[in-house]
Amino acid sequence: MTMARLPHRLARRFDSEDGFTLIEVLIAAVILALASLAVFGVLSAATRNAARAQATQVALDKAQEEMEKLHALSYSELALTTTPEHVADPMNPNYRVNGRKFAIKREPLGEESEMVVNLGPKYGSESQPIEGGVVVPGPISFSDGNVSGQIYRYIVWRNDPTCPESEVGTEDFCPGKQDYKQLIVAVKLNNAVSQSAQTNYVEVQSQVSNPNTQAQRSTQGDEPGPGGGGNTEQEREQREKEEREDGTAGQSTGKAVTAQQFFLSDTPCSATGTTTRQPITGDHNLHNTLGVCAGGLQTGSENPGAPDALLREAPPDPDPANELNPPLYDYSSDSYLDLPQSPETDKGVQILRDDTPGCNYEPTSQWHPEAKVHRWVTDPMPREFKINGTVTLEFYSRTLNEGSYPATVCVYLFDRHEEPGAEGGIRWTDTKMKDAVSGAYYWTYSEQGNNSWPRTEWTKLRVTMHIAEPKPILTGDRLGVALSVDSGTTPEVGIPIMYDHPNYPTRLEVDTTTPFEEGN
């Protein structure tokens, strides 16, 4: 049967099934719109959640950065310049302020401790007057990309329950309820325009023990409290015998291990006495640090000069609320170092790789050797300084021009002994310390293979060095650190290192049983 001979009604039914009716099209459009709204809602919520997570991570990074700045200060400087005021808003960190006390526990609110405030001797103990504090409590505003907020800083006294209260001058000296300090940094983000509810805040906490008093010893065993390690009676007698033999009896540092910090500066070391940090006022030529302190400031290749100084004080921050003050400067603006660089990476000192692969304490290059090794030394030790065995270098670096390439930085620790030489000069001997693991006279930090050296921002890197045996730096000697770049594993011309800046306090932390006392 052909189509032409179909009944008229059947042919008309086939014709009606050729498309959708207007009602069907409208229903489909409504369903599609509702589905799209649901999908867009999910995407919008996911975007907001991602933005909140990013903002929270920025806040945590900022809090940790502020905590690092506080740890760079001396113990006496860790005091608030003023008492923060209580705020009635539970979403504000100052809600935990109660007069001169601050609640350590956030939820539920509790464990109040007295804040360390720079209000003069009468507010501290007889042995620990609260003076010289430099910590601004805040709020201090900050901005990082599209994230902004306020930083709050608190310092409170804490009591070591393992150390009973005692009188000044006694062997186990615990100054009342002020055995050590607790640092708290809180960061509260500003509400974004799209956020209706008030945001909460993040915080980090840390403890700092007093390196200038004798480490406290528990009478209940050998477990150390926050102030130091415990000792049995036999160990205490042996320690006292050793102190009498080595001349440290009666000093307040004991035999417990604590940390002494030295900060890498851009100031040449003083030939005698104490080096005073010189403010950095602009870009300058590279310091030739391959000589002795008596040589003074020298630049260029011809005259080796004074190493830069390792200072006990952190670089000062003239304006904590302004991250751009002080600015970053180029410590090696010499013409031969003016490689094509972005302004952001042409800062600090650019340490060029040596001509010979490996770690070379003495540069093998005849072409600007002063740019291949950079050295820092302390002032002469006022008394014997014992390195317990572990030294940590924290430094800030990034690649040139934000390039992606591997690199290796070599780190050297040395003891410098100086004595009078011929014709009134100075003769010196550097004794390098040995790695307890590899036996080499250097340590390395390396990013190799697919791991690029930090690229997009100044990044804190950490090298932990275990020396082969405890090393005493004798009275009058200097502790030194030096850096070079291994050309065998660094394809580019060099690596920038940033230091002597409050945001980038590159430092050497030494485990020791003989930390320096205030003013010594």
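As the structure is a computational prediction, the values presented were derived from the model and not from experiment.
For the 3.5 Å distance criterion, the side chains of T513 and N388 fail to qualify, holding no donor opposite an acceptor. A donor-acceptor contact closer than 3.5 angstrom is absent between the side chains of Q260 and T512. Defined by atom type and a distance below 3.5 Å, a donor-acceptor pair is present between the side-chain atoms of S446 and T408.
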**Message:** Could you walk me through whether S365 and K372 satisfy the side chain to side chain donor-acceptor pair (under 3.5 Å) test, starting with their C-alpha distance in whole Å, then the side-chain angles of each, then the deciding distance to 0.1 Å, before giving a yes or no?
**Reply:** CA-CA 8 Å; S365 173; K372 309 300 174 64; 2.8 Å; yes

**Worked verdict on H374 versus D308 for side chain to side chain donor-acceptor pair (under 3.5 Å)** = CA-CA 8 Å; H374 205 89; D308 283 333; 2.9 Å; yes

**Item:** side chain to side chain donor-acceptor pair (under 3.5 Å) evaluation trace for Y442 with S484
**Value:** CA-CA 10 Å; Y442 58 83; S484 70; over 6 Å; no

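Not a single salt bridge (Lys or Arg N to Asp or Glu O under 4.0 Å) links D379 to another residue, sequence neighbours left out. With sequence neighbours excluded, the residues that form a salt bridge (Lys or Arg N to Asp or Glu O under 4.0 Å) with D430 are R416.
Legend: side-chain hydrogen bond (donor to acceptor under 3.5 Å, both in side chains) pairs involving residues 288-298, not counting sequence neighbours: none detected.
For the pair T459 and E457, the minimum side-chain heavy-atom distance is below 4.5 Å. No side-chain heavy atom of R158 sits less than 4.5 Å from a side-chain heavy atom of K181. Within the 4.5 Å cutoff, side-chain heavy atoms of M381 are placed close to those of L479.
Aromatic pair F414/W428: ring centres not closer than 6.0 Å. Ring to ring, H284 and Y331 are close: their centroids are under 6.0 angstrom apart. Taking the six-membered ring wherever Trp is involved, the centroid distance between the rings of W376 and Y499 falls below 6.0 Å.
By the 30° and 60° cut-offs, the orientation of the rings of W458 relative to Y504 is tilted.
Results of the side-chain contact (heavy atoms from CB on, under 4.5 Å) test with M465 over D435, T390, L393, T392 single out L393 as the only residue that passes.
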